[in-house]
Amino acid sequence: VLSEARRPGALAWRGLGFEGLGEIRPSLVWCCVSGYGMEGPYRELPAHGIAFDSWAGLVAPAIDEAGECFIPEHPSVGMHTGPMLAAMAILAALHRARETGQGACLEIGQSDAAAYTDWLRSETWKAYERPASEVRGNASDVHERRAPGTAGMREGVRYQYYRSTDGYVLFMASEQRFWRNFCEGLGRTDLFERWPGRRYGDHARGDAELRGILRDIFLSRSTQDWVAFGLAHDPAIAPVNTPRTLLDDPHFRARMQWLPAATHRADTLRFPVQTPGEALDAPAPAPAAGEHTLRILRELLGYEETRIAALRAAGAIEGPEGGRS
């Protein structure tokens, strides 16, 4: 497997593209992970990670008190999901190569990955371009064609964020069973009797009176108290974390493992797939830039030391002096 993680064409320009290397090794699996992919009008654009999410519509500009735009806190979807999807495709192609000897040329743009991950919101805008006779809205909204995307959640009441004493919780009692559990757990069956709701998907949209009551109720306990209430009564409540508070979340601490900077150059989360009953060795750190260059030149390509020295003198290769084998 050869993976390129630069702007498309960087390896081909150096004679290491798929066509040339595939002639030498027909079973080669070659994959390019780039910002905007190998084809398309943006393929040559340089970019950082936020560009992929901005392009895909995942990050909207925020406005400060002076009316100036700024980049808000945001997830990094494309730059993380792109390599993950590439790895899945590489494994599939590698399996085929081992079975048949046929290699593969693969490529993905991290912008593609961001759009693919968040396809549902774009799909709802596309769906509402179709006539009302085909796309009538959700049954939970009595087939009202509410705003596309997830904008309809803005008016939700039984499906909404609420403040707690120390943060926020997410309330998701849009199913009647969860709503009943919530009311009975609080000893407030009067709320269920007055607003029983429909069996499925009832967000009680726009009910200002009920929203005010729930606002005061959720302000009476901490986020973790509400999580404990959720575990006890099954009303569909979840904690709302920030990237900082997540680190102290008890579920995060129970399931996730940090690989320390002392051994991995940065504090890195271990791959999240669990292996119950089997203890795996800690993974090695990601290679440093140029760490394997000399090994590839010497062992795979058979370059002599004089040729390697000439490449280094010309600035064509980088890496630790003497390399690492």
Side-chain angles (χ1 to χ4, degrees), residues 49-50 52-53 56 58-60 62 70-85 87 110 113-114 116-118 120-121 150 153-154 156-175 177-179 181-186 203 211 214-283 285-286:
I50 187 176
F52 316 137
D53 296 348
L58 274 65
V59 181
F70 69 92
I71 299 172
E73 185 173 354
H74 58 277
S76 300
V77 177
M79 65 181 292
H80 294 144
T81 307
M84 180 187 72
L85 297 177
Q110 291 169 97
Y116 176 81
T117 302
D118 196 45
L120 178 59
R121 286 196 294 172
T150 54
M153 297 300 180
R154 185 184 184 95
V157 175
R158 285 200 289 263
Y159 202 103
Q160 192 57 268
Y161 287 126
Y162 286 96
R163 290 182 184 273
S164 65
T165 58
D166 60 353
Y168 293 87
V169 294
L170 175 61
F171 188 45
M172 300 169 287
S174 54
E175 286 80 13
R177 175 172 66 88
F178 291 144
W179 173 234
N181 292 346
F182 177 77
C183 296
E184 291 177 350
L186 286 176
H203 301 160
R211 189 166 190 170
L214 292 177
R215 177 195 60 214
D216 294 341
I217 288 174
F218 280 108
L219 271 172
S220 66
R221 307 187 190 190
S222 71
T223 295
Q224 280 302 314
D225 285 342
W226 282 116
V227 171
F229 177 88
L231 290 169
H233 299 285
D234 198 31
I237 290 176
V240 178
N241 281 308
T242 68
R244 184 175 182 178
T245 64
L246 176 64
L247 306 183
D248 292 323
D249 184 280
H251 191 76
F252 178 92
R253 294 170 71 91
R255 291 190 55 83
M256 306 298 286
Q257 179 184 353
W258 286 103
L259 302 171
T263 56
H264 286 72
R265 303 189 180 99
D267 291 317
T268 306
L269 282 176
R270 188 165 184 159
F271 189 63
V273 174
Q274 308 288 337
T275 55
E278 181 179 2
L280 302 181
D281 294 336

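Note that the numbering runs from 1 along the sequence shown for the chain. Just so you know, these numbers use all the heavy atoms, side chains as well, and skip hydrogens, waters and symmetry mates.
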Query raised in the report: Once you round to the nearest 0.5 Å, how far does CG of Asp166 lie from CD of Gln224?
Result: 8.0 Å
**Report entry** Donor-acceptor under 3.5 Å (Ser164 side chain, Ser222 main chain)
**Finding:** no
Query raised in the report: Can you find a pair of side-chain heavy atoms, one from Pro239 and one from His251, that are under 4.5 Å apart?
Result: no
**Report entry** Exceeds 12 heavy-atom contacts within 6.0 angstrom, atom CD1 of Ile71
**Finding:** no
Report summary line: Contacts of Tyr159 meeting ring-ring contact (aromatic ring centres under 6.0 Å, His included) (sequence neighbours excluded), chain-then-number -> His203
Query raised in the report: Which one of Phe178, Phe182, Trp226 satisfies the side chain to side chain contact (heavy atoms under 4.5 Å, CB included) criterion with Phe171?
Result: Phe182
Query raised in the report: Is a side-chain N or O of Ser76 found less than 3.5 angstrom from the main chain of Met79, in a donor-acceptor match?
Result: no
Requested in this report: Look up atom OG1 in Thr242 and atom CG in Leu247, then write down how far apart they are to the nearest 0.5 Å.
Outcome: 8.0 Å
Report task. Answer yes or no: is there a side-chain heavy-atom contact under 4.5 Å between Gln110 and Val77? Result -> no
Report task. Measure from the side-chain N and O atoms of Thr223 to the backbone N and O of Tyr168, and report whether any donor-acceptor pair falls under 3.5 Å. Result -> yes
Report summary line: In terms of heavy-atom contacts, Leu85 and Ala113 come closest through CD1-CB, 4.1 Å
Query raised in the report: Partners of Tyr162 by ring-ring contact (aromatic ring centres under 6.0 Å, His included), sequence neighbours excluded?
Result: Phe218
**Report entry** Donor-acceptor pair, side chain of Asp53 and main chain of Gly78, under 3.5 angstrom
**Finding:** yes
Query raised in the report: Are there more than 12 heavy atoms of other residues, nucleotides or ligands under 6.0 Å from atom CZ of Arg270?
Result: yes
Query raised in the report: Heavy-atom distance under 4.5 Å between the side chains of Trp258 and Thr268, does that happen here?
Result: no
Query raised in the report: Under a 4.5 Å cut-off applied to non-hydrogen side-chain atoms, are Pro285 and Thr263 in contact?
Result: no
Query raised in the report: Where do Leu219 and Thr165 come nearest, in terms of heavy atoms and distance?
Result: O-CG2, 3.1 Å
Query raised in the report: Hey, is the main chain of Pro75 close enough, under 3.5 Å, to the side chain of His80 for a donor-acceptor pair?
Result: no
**Report entry** His233 versus Gly185, closest heavy-atom pair with distance
**Finding:** ND1-CA, 3.6 Å
Requested in this report: Hey, could you give me the CG/CG distance between Leu259 and Asp267, rounded to the nearest 0.5 Å?
Outcome: 9.0 Å
Report summary line: Closest non-hydrogen contact found for Asn241 with Asp249 is ND2-OD2, 3.1 Å
Query raised in the report: Considering residues, nucleotides and ligands other than Tyr161, do more than 12 of their heavy atoms fall under 6.0 Å from its OH?
Result: no
Report summary line: Sorted by chain and number, sequence neighbours left out, ring-ring contact (aromatic ring centres under 6.0 Å, His included) with Phe52 holds for Tyr36
Query - Distance in Å, Gln274 CD paired with Met256 CE, rounded so as to fall on 0.5 Å steps - result: 8.0 Å
Query raised in the report: What distance separates Asn181 CG from Glu175 CD, expressed to the nearest 0.5 Å?
Result: 11.0 Å
Requested in this report: Identify the two heavy atoms, one from Arg221 and one from Leu186, that lie closest to each other, and give their separation to 0.1 Å.
Outcome: NH2-CD2, 3.7 Å
